[in-house]
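Working notes, beginning with the structure itself.
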2 protein chains.
Amino acid sequence: MATGRTHRPATRSRGIPEATVARLPLYLRALTALSERSVPTVSSEELATAAGVNSAKLRKDFSYLGSYGTRGVGYDVEYLVYQISRELGLTQDWPVVIVGIGNLGAALANYGGFASRGFRVAALIDADPTMAGKPVAGIPVQHTDELEKIITDNGVSIGVIATPAGAAQQVCDRLVAAGITSILNFAPTVLSVPDGVDVRKVDLSIELQILAFHEQRKAGEDVAVPEEGAAAAVPPPPVAPHRAPPGATAADSGRQGPDGDVPAVMPA
Amino acid sequence: MATGRTHRPATRSRGIPEATVARLPLYLRALTALSERSVPTVSSEELATAAGVNSAKLRKDFSYLGSYGTRGVGYDVEYLVYQISRELGLTQDWPVVIVGIGNLGAALANYGGFASRGFRVAALIDADPTMAGKPVAGIPVQHTDELEKIITDNGVSIGVIATPAGAAQQVCDRLVAAGITSILNFAPTVLSVPDGVDVRKVDLSIELQILAFHEQRKAGEDVAVPEEGAAAAVPPPPVAPHRAPPGATAADSGRQGPDGDVPAVMPA
DNA sequence: CCCTGTGAAGATCTTCACAGCA
DNA sequence: TGCTGTGAAGATCTTCACAGGG
């Protein structure tokens, strides 16, 4: 009730489908590589392969941007790089602040892919007083107390949260209150933000879990169907509506123990 | 042609939709938090809020796993934690190797969310000889030469690539040849892998670009439609089929310069 | 002919809304 | 009566397949 909206930039922005927007950076990357090799034009087939998608999808995606290709020839690399950059809003400079300078925050600060796309790390912020002043990636870390001032003075609208899960929501609230309207969240928590603020999350743990799911399927492909029936020592009661034994049950294999998602040294 | 398949685990595995699989980790995280607070049961509404989705979607997702709830009551937290963990394959231990111990690789090695989900960092591998033996997150870094042996000896099936883009495909090929069948790629490159190998990618730069796209829209909401017509100094020829001026064109705003996607100190 | 641009079909995913069990 | 489980409708996304310009 009091937590407001969450995630997703809602529907599509103008007429470009979200799925297409999510792929534009992929095309841009492939095109930039071609541009550097001075390749003048590419066919949808070639570019699609370079970007890791199929050509029909790519052509459909580009059709939302306009008719930037030439039938019988392909697309002009430089021109397309410009058009996509413009569409993504990369023809302008985006100051960004990174909050939480632990292992991950430092890695992000050092990440070269930022500057190359128009993103400029305007400031690094951390709650640890002893970090203040210390340079990371050539930028001096500033204390959380300065957060509001930093954002206002630099006109920052995009913030990156790389703090432990426990501090994420609080940092998020301050960022939003200070004027931030886009957040990239690396902390393993669901952030509550008011309407109008976009949040995108990156959770390493989730990606690995998805891989594990498929990996498990591969292994079990020949082992019949270990559906129900196998595991003879753990499976808890299939029907335990009221008060299920809170003790054991999930603490079997010696994992999933006391850690949840908030501890972690650095959320990734 | 010679690059083989890429990305995506193909269709769905058994009957669980990919979209649902991708959300199971979210539910698991929320459930784990409830479990730690000793909450016995939750309604789809409460759990949905905690996970950041709507209840209808959550119930539909759970319906693919089976009927684990109790009408009129809700879901037993412990039981659901177990069922989802089992479904995701987290009731077993997954040894993982991280290749490329730069800023990012180190951050990943230190990430606590791994162990808490059944993932065990079996080894850290780096191509820099001077790194060999140095402990990161308590684990001594090993040289790339040992890659095959490490994977074989530890029965590793999941690998994380955190190398610069230029080394990614080569590392990927070695991992696959050594037996790895699931890869989490942080390098900004499209990896080519044979059928049967899953690749999931995480690209920070892409997430920021998507945020920039929406951010741009917000700002322009009141500024009419700066479609075509504005920007009077840059927009390249709308129709330049053959040989477009390879010189300028995209090197306007002083960004997008000589960097592409391969340089970066550490791919994130 | 080659390759783009796109209507239409097909596949997925999401949301609705309510039957039905506890 | 409360809340799950789910058929069906609706919204998106993907893929097909071909019209049509160069």
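Sequence lines set the chain letters: A, B, ... in the order given, protein chains first and strands last, and positions in each chain run from 1.
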Among the candidates [options], find the nucleotide nearest to the side-chain atoms of [X].
X	options	result
B:Arg71	C:dT15, D:dG5, D:dA17	D:dG5
A:Ser63	C:dC13, C:dT4, C:dT6	C:dT6
B:Ala56	D:dC13, D:dG5, C:dC16	C:dC16
B:Arg59	C:dA22, C:dC13, C:dC18	C:dC18

Quiz question: by atom type and distance under 3.5 Å, do the side chains of [X] and [Y] form a donor-acceptor pair?
X	Y	value
A:Glu45	A:Thr49	no
B:Glu78	B:Tyr82	no
B:Gln209	B:Ser205	yes
A:Arg86	A:Thr91	no

Base, sugar-phosphate, or nothing: which does B:Phe62 touch, judged by heavy atoms less than 4.0 Å apart?
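Nothing, no heavy atom under 4.0 Å.
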Can you check the [X] [atom1] to [N] [atom2] distance for me, whole Å?
X	N	atom1	atom2	value
A:Gln83	C:dG5	CD	P	12 Å
B:Leu58	C:dC13	CG	P	16 Å
B:Tyr68	C:dC21	OH	P	20 Å
A:Ile16	D:dC13	CD1	P	12 Å
A:Lys57	D:dT14	NZ	C1'	6 Å
A:Tyr75	C:dC2	OH	C1'	13 Å
A:Asn54	C:dT4	CG	C1'	15 Å
A:Asp76	C:dT4	CG	P	13 Å

Between B:Lys60 and B:Ser44, name the one whose nearest nucleotide on DNA chain D is closer to the 5' end.
B:Ser44
Does B:Arg23 place a side-chain N or O at less than 4.0 Å from the phosphate oxygens OP1/OP2 of C:dT14?
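For C:dT14, OP1 or OP2 has a side-chain N or O of B:Arg23 closer than 4.0 Å.
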Criterion side-chain contact (heavy atoms from CB on, under 4.5 Å) on A:Lys57 and A:Arg23, from CA distance to verdict
CA-CA 10 Å; A:Lys57 195 185 291 182; A:Arg23 281 188 294 268; 3.4 Å; yes
